[in-house]
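Beneath this line is the structure, given in structure tokens, with notes to follow.
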Amino acid sequence: MAGEIQVKTKESPRFDGNTLKWFYHNTFPYTLEIELIDSDTQEPITYNDGDKIIVCFYDRRKNLVHTFEFNNLVPYEVGGQQFVEVTMKFDDEVTKKFDVGKYTYCTTYYGEYVTTIWDNADAEVEECH
């Protein structure tokens, strides 16, 4: 008689609720697709030379752990909406900065105005054993 075995696994990286989670020293790309709308005109933001998006990760003591900076933003359109895409590369050098624990990250657009896209999003690095 053969038994059935069910194994519960967790992907890395993954979202658990609203928290980005990955296992200690894993390497991976993490892509954000961002749509920015002008609050006055309700029109998509027009990106100009020199505009940038910065994503900063902080530990629980609010110490800066790592910054990703994206220049030369190239918008694209999907279904009448305008997006810009940025990919954070958690390579060997970057991922070694993150010990097991909880983090927050903030994403800011620097253009004609400085605009916080989101603040204090949660991230967590887990042990795999």
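Within a 6.0 Å radius of CG in Asn18, other residues, nucleotides and ligands contribute 12 heavy atoms or fewer. Few gaps surround CG on Asn63; more than 12 heavy atoms of other groups in view lie less than 6.0 Å from it. Other residues, nucleotides and ligands contribute over 12 non-hydrogen atoms within 6.0 Å of the CZ atom of Phe15. By the neighbour-count criterion of 12 heavy atoms within 6.0 Å, atom CD of Gln42 is densely surrounded, having more than that number from other residues, nucleotides or ligands.
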Run Glu33 and Tyr76 through side chain to side chain contact (heavy atoms under 4.5 Å, CB included) and show every step you take. CA-CA 10 Å; Glu33 187 176 68; Tyr76 60 94; 2.6 Å; yes
Using side chain to side chain contact (heavy atoms under 4.5 Å, CB included), reason through Leu20 and Asp122 one step at a time and then give a plain yes or no. CA-CA 6 Å; Leu20 171 64; Asp122 291 321; over 6 Å; no
Asp99 and Val125: side chain to side chain contact (heavy atoms under 4.5 Å, CB included), yes or no, with the steps? CA-CA 7 Å; Asp99 289 327; Val125 178; over 6 Å; no
Take Glu126 and Lys102, measure what salt bridge (charged side-chain N to carboxylate O under 4.0 Å, His left out) needs, and give me the verdict at the end. CA-CA 9 Å; Glu126 301 175 307; Lys102 295 184 178 190; over 6 Å; no
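Between the side chain of Gln82 and the main chain of Ile45, a donor-acceptor pair closer than 3.5 Å is present. Proximity of a side-chain donor or acceptor of Thr95 to a complementary backbone N or O of Asn26 within less than 3.5 Å is detected. Proximity of a side-chain donor or acceptor of Ser12 to a complementary backbone N or O of Phe23 within less than 3.5 Å is detected. Judged by distance alone, the side chain of Asp16 and the main-chain N or O of Thr19 form no donor-acceptor pair under 3.5 Å. In terms of modelled atom types and a separation under 3.5 Å, the side chain of Thr41 and the main chain of Glu43 share a donor-acceptor contact.
Cluster membership for Tyr110 and Trp118, using ILVMFWY side-chain heavy atoms within less than 4.5 angstrom, is not shared. Hydrophobic cluster membership is shared by Ile34 and Tyr30, with clusters built from Ile, Leu, Val, Met, Phe, Trp and Tyr side chains linked at under 4.5 angstrom.
The minimum heavy-atom distance linking Ala123 with Trp22 is given by the pair CB-CZ3, 4.0 Å. Pairing each heavy atom of Asp91 with each of Val94, the nearest pair is OD1-N, 2.9 Å. When all heavy atoms of Val100 and Glu127 are compared, the pair lying nearest together is CG2-CG, 3.4 Å. Smallest separation of non-hydrogen atoms from Met88 and Leu32: CE-CD1, 3.7 Å. The two residues Leu73 and Tyr109 have their closest heavy-atom pair at CD1-CE1, 4.1 Å. Pairing each heavy atom of Thr87 with each of Pro29, the nearest pair is CG2-CB, 3.8 Å.
Taking the six-membered ring where tryptophan is involved, the planes of Phe70 and Phe68 are essentially parallel, since the angle between them stays under 30° and well short of 60°. Relative ring orientation between Phe90 and Phe98 is described as tilted, the plane-to-plane angle lying within the 30° to 60° band.
Residues Tyr103 and Phe57 place their aromatic rings such that the two centres sit no closer than 6.0 Å.
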